[in-house]
2 protein chains.
Amino acid sequence: MPDKITIKDIAKEAGVSISTVSRVINGSSPVKKQTKEKVLKAIDKLNYYPDALARSLRVGYTDTIGIIIPNIANPFFATLVRGAEDYLRSKGYSVIICNSDNAVDQEEKLFNILAEKKVDGILYSGIGDHIDKFNQINIPIVFIDRVIKDNRFSYVSSNHYKGMEDLLNYLYSTNHKKYVFISGKKEIFSAFERLRAFEDFTKKYNVEYELLEGEYTYKSGLINGKKIKKIPDVVVCSNDLIAYGVVESFKERKIKVPEDVSVTGYDDIMFSKMFSPALTTVSQPIYEMGKVAAEIIYRLLIKKDDYMPVKLFQNQLVVRESTRRR
Amino acid sequence: MPDKITIKDIAKEAGVSISTVSRVINGSSPVKKQTKEKVLKAIDKLNYYPDALARSLRVGYTDTIGIIIPNIANPFFATLVRGAEDYLRSKGYSVIICNSDNAVDQEEKLFNILAEKKVDGILYSGIGDHIDKFNQINIPIVFIDRVIKDNRFSYVSSNHYKGMEDLLNYLYSTNHKKYVFISGKKEIFSAFERLRAFEDFTKKYNVEYELLEGEYTYKSGLINGKKIKKIPDVVVCSNDLIAYGVVESFKERKIKVPEDVSVTGYDDIMFSKMFSPALTTVSQPIYEMGKVAAEIIYRLLIKKDDYMPVKLFQNQLVVRESTRRR
DNA sequence: TTTTTTAAAGCAAACGTTTTCATAAATAAT
DNA sequence: ATTATTTATGAAAACGTTTGCTTTAAAAAA
């Protein structure tokens with residue numbers, strides 16, 4: 001294998017010092033046109049590309065952002081990540097993606113790895129708060145899909161409580177009397193908020209309901225769907241994946257949606273409109289949220305002020321075919 | 001902000017040389033129990049974590065793998081990536097994900113970035129062949145979802161031709177006479193192979209058909225679905241997303257699947273079984289393929305021999321509700 | 001004890017860049 | 001022409017590690 005080409009080789013080839021080479025690469029200070037050409041020619045000839053490690057070690061940043069999410073195979077996060085990555089790459093950043101599977105200890109490990117890799121910033125969506133860790137590693141972070149009261153931290157989230165409230169009010173207004181609610185893991189902020197909205201709702205209208213503890217997966221919907229003995233007017237699911245599972249479990253039992261029971265989701269991932277019955281759900285601007293999170297971290301990085309922006313998105317009820325008036 | 005803690009600080013705190021600190025961190029050579037304790041204590045006290053950049057610069061590797069795919073928001077790739085990442089992380093690697101959107105020039109750019117970042121290996125699924133580039137950057141690579149005849153390169157792929165052939169034979173045996181085929185971009189290996197199987201099929205059985213050029217997206221299915229004037233017996237789609245789009249477009253036109261027309265997909269992404277009608281498709285072991293690709297690159301990295309493994313997966317016809325005997 | 005062997009720790013170079021500071025070359029001002 | 005100013009280049013330190021080699025300390029053998 002051929003030896004690695006370094007800036008030294010270019011310098012020698014072009015008959016010039018390495019400082020000069022560095023300067024033409026980075027345009028950091030003027031260099032005479034004809035020497036510049038020599039250098040460029042040498043670079044091209046030897047097929048040189050600079051070592052980002054060495055560079056980062058020197059300059060103190062890596063142009064890399066870490067993203068910690070539960071699971072990239074969940075379309076919600078895939079879309080979110082895409083939103084963030086598109087923006088960041090346009091600004092010259094790369095992205096390291098880490099799946100935590102919502103395990104706090106795994107999250108902690110990932111923070112360590114990202115800190116060691118010297119990422120410039122972190123986008124984080126997960127369970128733990130890790131505040132002590134953040135103080136240790138001292139890397140700008142923005143929380144995603146979660147409201148942080150600690151005003152040292154930025155976040156982008158959406159108004160889950162309000163979204164769920166809107167959905168429930170709609171259901172109530174269309175004559176749904178008996179409810180089953182399948183929650184996500186309560187450690188997850190969004191799941192907690194949606195559940196909270198549901199609990200407040202049941203109190204307010206003194207409505208008949210059953211509460212099932214699930215998690216944000218298709219499988220959980222499948223399992224919990226089977227557990228439902230008394231078919232209610234509507235099964236309110238804490239996210240779309242759960243709803244898919246519930247519908248499937250009902251299909252197996254020949255229970256028809258929406259004829260026999262309404263089913264609702266949350267998130268409006270791209271498949272929910274294709275699902276049949278097309279899912280009544282609450283839409284979050286997922287791609288946009290990823291993008292905004294990326295914008296925030298970017299701003300945090302370039303201007304070193306203490307500006308800590310925060311963005312709360314509104315959610316939108318979208319009524320489709322999986323619900324109907326009772 | 002507090003100064004960055006380096007190995008030097010630990011050395012001073014523990015009253016020991018930096019070599020010794022390095023040795024206790026890496027266990028690279030024996031150090032007396034009691035000095036080890038001092039060092040560990042200092043590390044803990046000062047909250048030190050080593051700088052992976054500096055380390056990589058010295059040792060010559062980064063424990064990082066780059067992955068280039070068209071689009072992480074496509075569930076096929078999300079699952080694939082998850083398979084790869086799970087394996088790699090278990091071996092101590094991190095993963096940088098890059099979306100190319102199937103643009104050759106973007107792919108090229110991404111290869112450059114990954115080369116500069118000194119990733120140890122690359123997993124690549126895309127359009128271009130970039131053979132010259134690979135020779136330049138000299139980083140182990142494994143191609144995903146694509147057969148490479150050049151035996152200097154590894155790949156994992158699946159037998160798209162055979163899979164499509166099986167599907168078509170099944171359709172033929174269930175009395176489907178008139179076909180519409182919606183292809184993916186022909187530059188993509190899998191799309192090319194699936195189309196090739198279809199063309200051979202039409203010749204072999206001299207069957208009535210129409211060919212529509214699409215791409216691997218829901219939207220493309222929607223658009224091309226609308227273009228279908230004469231409803232055939234079956235619309236064979238080059239992947240599942242296209243099929244979703246076609247079904248949706250038919251729904252708008254009150255054309256019933258499978259009553260009026262069969263529709264098939266390819267890939268069997270996780271949503272296809274939840275889709276209604278549940279999609280008849282050809283399943284690829286997506287997660288497994290990602291995992292195997294990761295295994296291969298890992299083997300390539302640890303043993304520096306010239307072993308160039310290659311893995312071809314078989315695909316499995318899965319008949320569900322979106323087709324029926326004519 | 002003294003010498004030999006082994007184990008533990010330290011020194012300093014190296015990895016490939018960027019950048020400060022000094023110097024040389026070129027241009028402008030006298 | 002000479003000096004002053006600007007412009008272009010080079011030398012060398014620094015970023016934070018690992019590791020080959022040397023030295024010191026400890027243990028074993030004489």
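Just the heavy atoms: all of them, side chains too, but no hydrogens, waters or symmetry mates, feed the values below. A, B, ... follow the sequence lines: proteins, then strands. Residue 1 opens every chain.
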Nearest-Å distance for atom pair [atom1]/[atom2], residues [X] and [N]:
{"X": "K118(B)", "N": "dT17(C)", "atom1": "NZ", "atom2": "P", "value": "7 Å"}
{"X": "D51(A)", "N": "dC15(C)", "atom1": "CG", "atom2": "P", "value": "12 Å"}
{"X": "L57(A)", "N": "dA14(D)", "atom1": "CG", "atom2": "C1'", "value": "9 Å"}
{"X": "I43(A)", "N": "dT17(C)", "atom1": "CD1", "atom2": "P", "value": "10 Å"}
{"X": "Y61(A)", "N": "dC15(D)", "atom1": "OH", "atom2": "C1'", "value": "13 Å"}
{"X": "R55(B)", "N": "dG16(D)", "atom1": "CZ", "atom2": "C1'", "value": "12 Å"}
{"X": "K8(A)", "N": "dA12(D)", "atom1": "NZ", "atom2": "C1'", "value": "12 Å"}
{"X": "K38(B)", "N": "dA8(C)", "atom1": "NZ", "atom2": "C1'", "value": "12 Å"}

Report yes if at least one side-chain N or O of T35(B) is closer than 4.0 Å to OP1 or OP2 of dA9(C); otherwise report no.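 Affirmative; the distance criterion is met.
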Within residues 9-19 of chain A: residues closer than 4.0 Å to DNA chain D (heavy atoms):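 Within this stretch, V16(A), S17(A), S19(A) sit under 4.0 Å of the strand.
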Between the protein and nucleotides 21-26 of chain C, list every N/O to N/O distance that falls short of 3.5 Å.
none

State which residues pass ring-ring contact (aromatic ring centres under 6.0 Å, His included) with F189(A); sequence neighbours excluded, sorted by chain then number.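 So F189(A) forms no ring-ring contact (aromatic ring centres under 6.0 Å, His included) with any residue.
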Could you list the residues that satisfy ring-ring contact (aromatic ring centres under 6.0 Å, His included) with F76(B), not counting sequence neighbours?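 Result, ring-ring contact (aromatic ring centres under 6.0 Å, His included) vs F76(B): none returned.
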Determine which pairs satisfy salt bridge (charged side-chain N to carboxylate O under 4.0 Å, His left out) with at least one residue from residues 10-21 of chain A, sequence neighbours left out, and list them in order.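 Salt bridge (charged side-chain N to carboxylate O under 4.0 Å, His left out) check on residues 10-21 of chain A returns E13(A)-K45(A).
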Sequence neighbours left out, what pairs pass salt bridge (charged side-chain N to carboxylate O under 4.0 Å, His left out) with at least one residue falling in residues 70-81 of chain A?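 Qualifying pairs, neighbours excluded: none.
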Cation-pi geometry met for K109(A) and F111(A) (6.0 Å, 45°): no
May I ask you to say what Y48(B) touches in the nucleic acid, namely base, sugar-phosphate or nothing, with a heavy-atom cut-off under 4.0 Å? sugar-phosphate
How is S22(B) classified with respect to the nucleic acid when contacts are heavy atoms under 4.0 Å: base, sugar-phosphate, or nothing? base
Would you please name every residue forming a salt bridge (charged side-chain N to carboxylate O under 4.0 Å, His left out) with K133(B), sequence neighbours left out? E108(B)
Contacts of T20(B) and A54(A) projected onto DNA chain D by closest heavy atom; the upstream (5') one is A54(A)
Determine all donor-acceptor pairs shorter than 3.5 Å in which one atom belongs to a side chain in residues 85-94 of chain B; sequence neighbours excluded.
residue: E85(B); atom: OE2; partner: R89(B); partner atom: NE; Å: 2.9
residue: E85(B); atom: OE2; partner: R89(B); partner atom: NH2; Å: 2.9
residue: D86(B); atom: OD1; partner: R82(B); partner atom: NE; Å: 3.1
residue: D86(B); atom: OD1; partner: R82(B); partner atom: NH2; Å: 3.1
residue: D86(B); atom: OD2; partner: Y287(B); partner atom: OH; Å: 2.6
residue: S90(B); atom: OG; partner: Y87(B); partner atom: O; Å: 2.6

Suppose the criterion is side chain to side chain donor-acceptor pair (under 3.5 Å): which pairs have a residue in residues 48-57 of chain B, not counting sequence neighbours?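 Residue pairs passing side chain to side chain donor-acceptor pair (under 3.5 Å), neighbours aside: K4(B)-D51(B).
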Between V59(B) and S28(A), just flag the one whose closest nucleotide in DNA chain C comes earlier from the 5' side.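 Residue closer to the 5' terminus by nearest nucleotide: V59(B).
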Test item: R152(B) and N135(B) side chains (from C-beta on) under 4.5 Å apart, heavy atoms: yes
